[in-house]
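Notes for the one structure printed next.
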Amino acid sequence: VSEGWAVLCGGGVDICGAAAAGLERVKMAAVVIRQLGRSWRRVRGSIAAGARRPLSASHAVHQQQFTSLDEKPQFPGASADFVDRLEFIQPNVISGIPIYRVMDRQGQIMNPDEDPKLPKEMVLKFYQKMTLLNTMDRIMYESQRQGRISFYMTNYGEEGTHIGSAAALEPDDLVFGQYREAGVLMYRGLSLELFMAQCYASASDVGKGRQMPVHYGSKDLRFVTISSPLATQIPQAVGAAYAYKVSQADRAVICYFGEGAASEGDAHAGFNFSATLECPIIFFCRNNGYAISTPTHEQYRGDGIAARGPGYGIISIRVDGNDVFAVYNATKEARRRAVAENQPFLIEAMTYRIGHHSTSDDSSAYRSVDEVNYWDKQDHPISRLRLYMVNKGWWDEEQEKAWRKQSRKRVMEAFEEAERELKPKVDYLFSDVYEEMPVILQKQQEALQRHLKMYGEHYPMDLYEK
């Protein structure tokens, strides 16, 4: 550019004094000004390539002429073409993202090419884990209603999202849950006794009774402990996935959340970081229709959560969350590619929350009984898988009755054991935060010990481990 400017002002002659240099120099100056504007892209490309040729007047005159139709945008923030017509993009510019499924509601495989062809033993495990979770939910829900525990959240209607996704992961993959993914932990091997110990805050609880019920966690099973605040797990999961990428660990992270949590700012941060840092993570959204009492039509105006993925540069898919095989296929492929290609994937599993949000919620205040009954009776993931097994000759009514009886017996035994067990030691209030307990905590612990020594008879200390 400076060399082109020299053509205009070289030898101490500027445009205003061009008359003294003659008419030809005026014409040459006008040509250079036009060509500088039209050829800026070429000049910049030449500089980037290391070219240092002077932009002489004769060179400028003979450069190729470009029309406005030939120009391409060079803005660094987007990839697109110019248009010469004012037109805003409408939210419904494309039709709704389709919902991938393998089985219909009668348990029939729709496309044989998509059948995962899982062995009988694995399908039976799917079904038994889904129904065992359902049985545990019913007993623990009633336990809370009777005042035996303080809080509980059921998983009714979403069992297929848990089991299908958990089965597609590798044991070393790391799981970040929200609070309605108990089936993932159950499939990974957490015992009924440990589920009960956590909800009852008994001495066997790996969290030592510090968490409120259903806030599970297991270091051995690679399941990060649940936190109550919505969406805080999303950026944390991305950080873990980035660490796996840097260490070349050949592992993936899966992060579960609901469509309500996707409205949190942490979701935006997590999505954007995962794409720009190219992290091996699967974002698994359980779109169950309600964020507590807020229905989806009040939660967002776009086409669900999967539609947001492309905006962040994330490969996305929408699946039928009540079809355990569809969930399995999508998660398995997303996991394979996330590790092989170091990039994030977003799965939106469409399902329905049949139960109340929690024991603190009464969903009859914001939805009808008929709506709930439809999903419970007509499109339940457990019923669909049972129909599939019956069609294959792998399951019958006698097996169903026997398994239901056996599963209830197992849950009740774990339930009764948790009720008999003592609570964790009181001193656990002060441990496991600092490697060396600071003086302020030592003073608090000593103060509590003095208090209990003086007034211990007013507290149920016999219920706690010594």
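Quick caveat: nothing in here was measured; it's all calculated off a predicted structure.
The number of heavy-atom neighbours closer than 6.0 Å to CZ of Arg337, taken from other residues, nucleotides and ligands shown, is above 12. Residue Gln248 qualifies as open at atom CD: its count of foreign heavy atoms under 6.0 Å is 12 or below. Atom NZ of Lys117 sits in a crowded spot, with more than 12 heavy atoms from other residues, nucleotides or ligands closer than 6.0 Å. Remark: Tyr141 OH is packed, more than 12 non-hydrogen atoms of other residues, nucleotides or ligands lying under 6.0 Å away. Sparse packing is recorded around NZ of Lys405, with 12 or fewer heavy atoms of other residues, nucleotides or ligands lying under 6.0 Å away. Under a cut-off of 6.0 angstrom, the local environment of OH in Tyr464 is sparse, with at most 12 non-hydrogen atoms contributed by other residues, nucleotides or ligands.
Cation-pi check for Lys125 over Tyr187 is met; the charged atom lies under 6.0 angstrom from the ring centroid and within 45 degrees of its normal. For the pair Arg308 and Tyr300, the cation sits on the ring face: its NZ or CZ lies under 6.0 Å from the ring centre, inside 45° of the axis.
With contacts defined as side-chain heavy-atom distances shorter than 4.5 Å, the pair Val102/Pro116 qualifies. Side-chain atoms of Val123 and Met389, non-hydrogen and from C-beta on, do get closer than 4.5 Å to each other. Pro310 places a side-chain heavy atom less than 4.5 Å from the side chain of Ser316. Side-chain contact between Thr135 and Arg138 is absent, with no heavy-atom pair separated by less than 4.5 Å. Here the side chains of Ser358 and Phe151 are in contact, with some heavy-atom distance below 4.5 Å. Between Met196 and Glu417 there is no side-chain heavy-atom pair separated by less than 4.5 Å. Annotation: side chain of Leu192 is not in contact with side chain of Phe415 (no heavy-atom distance under 4.5 Å). Counting heavy atoms from C-beta outward, Asn342 and Cys279 have side chains that stay 4.5 Å or more apart.
A salt bridge does not link Glu465 with Lys423: none of the charged nitrogens is closer than 4.0 Å to a carboxylate oxygen. Using a 4.0 Å cut-off between charged side-chain N and carboxylate O, Arg384 and Asp320 make a salt bridge. Looking at Glu419 and Arg148, a side-chain N of the basic residue comes within less than 4.0 Å of a carboxylate O on the acidic one, giving a salt bridge. Glu333 has a carboxylate O that lies under 4.0 Å from a charged side-chain N of Arg336, or vice versa, which qualifies the two as a salt bridge. Residues Arg222 and Asp172 are paired through a salt bridge, judged by an N-O separation under 4.0 Å between the basic side chain and the carboxylate. The pair Arg180-Glu158 meets the salt-bridge criterion, since a charged nitrogen lies less than 4.0 angstrom from a carboxylate oxygen.
Side-chain N/O atoms of Tyr244 and Arg251 include a donor and acceptor closer than 3.5 Å. Side chain to side chain, Tyr352 and Glu371 meet the donor-acceptor criterion of an N or O pair below 3.5 Å. With hydrogens and angles left out, the side-chain atoms of His215 and Ser227 include no donor and acceptor closer than 3.5 Å. Defined by atom type and a distance below 3.5 Å, a donor-acceptor pair is missing between the side-chain atoms of Tyr256 and Arg286. Between the side chains of Gln233 and Tyr179, no donor-acceptor pair is found at a separation under 3.5 Å. Defined by atom type and a distance below 3.5 Å, a donor-acceptor pair is missing between the side-chain atoms of Tyr328 and Asp323. Using a 3.5 Å distance cut-off with no hydrogens or angles, the side chains of Asp362 and Ser364 do pair a donor with an acceptor. With no hydrogens or angles considered, a side-chain donor-acceptor pair links Tyr366 and Asp361 at under 3.5 Å. Side-chain contact of Thr232 with Asp266: a donor-acceptor pair under 3.5 Å is absent, judged by distance alone.
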I'd like to know whether Asp205 forms a side chain to side chain donor-acceptor pair (under 3.5 Å) with Tyr200, so could you lay out the CA-CA distance, the side-chain angles of the two residues, the decisive distance to 0.1 Å, and finally the verdict.
CA-CA 8 Å; Asp205 176 25; Tyr200 272 85; over 6 Å; no

Would you check, one step at a time, whether the test side chain to side chain donor-acceptor pair (under 3.5 Å) holds for Glu114 with Tyr100?
CA-CA 10 Å; Glu114 296 298 319; Tyr100 168 70; 2.7 Å; yes

Please step through side chain to side chain donor-acceptor pair (under 3.5 Å) for the pair Asn322 and Thr351, ending with a clear verdict.
CA-CA 6 Å; Asn322 293 343; Thr351 183; 2.9 Å; yes

Begin with the C-alpha distance, continue with both residues' side-chain angles, and end with the deciding distance and a verdict on side chain to side chain donor-acceptor pair (under 3.5 Å) for Gln128 and Trp403.
CA-CA 8 Å; Gln128 289 177 343; Trp403 167 244; over 6 Å; no

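Listed for the Gln399 side chain is a donor-acceptor partner under 3.5 Å among the backbone atoms of Asp396. Counting only distance, with no hydrogens or angles, the side chain of Arg101 and the backbone of Ala326 share no donor-acceptor pair below 3.5 Å. Side chain of Gln442 to main chain of Met437: a donor-acceptor pair is present (N/O by atom type, distance under 3.5 Å, no hydrogens or angles). Under the 3.5 Å distance criterion, the side-chain polar atoms of Arg210 are matched with a main-chain donor or acceptor of Tyr428. Distance alone, capped at 3.5 Å, is enough to place a donor-acceptor pair between the Gln211 side chain and the Ile226 backbone. A donor-acceptor pair is defined here as one N or O able to donate and one able to accept, closer than 3.5 Å; such a pair exists between the side chain of Asp104 and the backbone of Gln108.
In this pair, Phe271 and Phe257 present their aromatic rings tilted. The plane angle is within the 30 to 60° band. Phe126 and Phe325 have tilted rings, their planes meeting at an angle from 30° to 60° on a 0 to 90° scale.
The heavy-atom pair separating Ala182 from Leu133 by the smallest distance is CB-CD1, 3.9 Å. Between Ser202 and Pro424, the closest heavy-atom pair is O-CG, 3.6 Å. Across all their heavy atoms, Ala197 and Ala418 have their closest contact at N-CB, 4.4 Å. Residues Val184 and Ser165 approach most closely at CG2-OG, 4.4 Å, considering heavy atoms.
Separation of the His380 and Tyr156 ring centroids does not fall under the 6.0 Å cut-off. Residues Phe223 and Tyr216 keep their aromatic ring centres 6.0 Å or farther apart. Taking the six-membered ring wherever Trp is involved, the centroid distance between the rings of Tyr459 and His451 falls below 6.0 Å.
Tested against Arg318 for a side-chain contact (heavy atoms from CB on, under 4.5 Å), the candidates Ile305, Ile97, Asn287 yield a single pass: Ile97.
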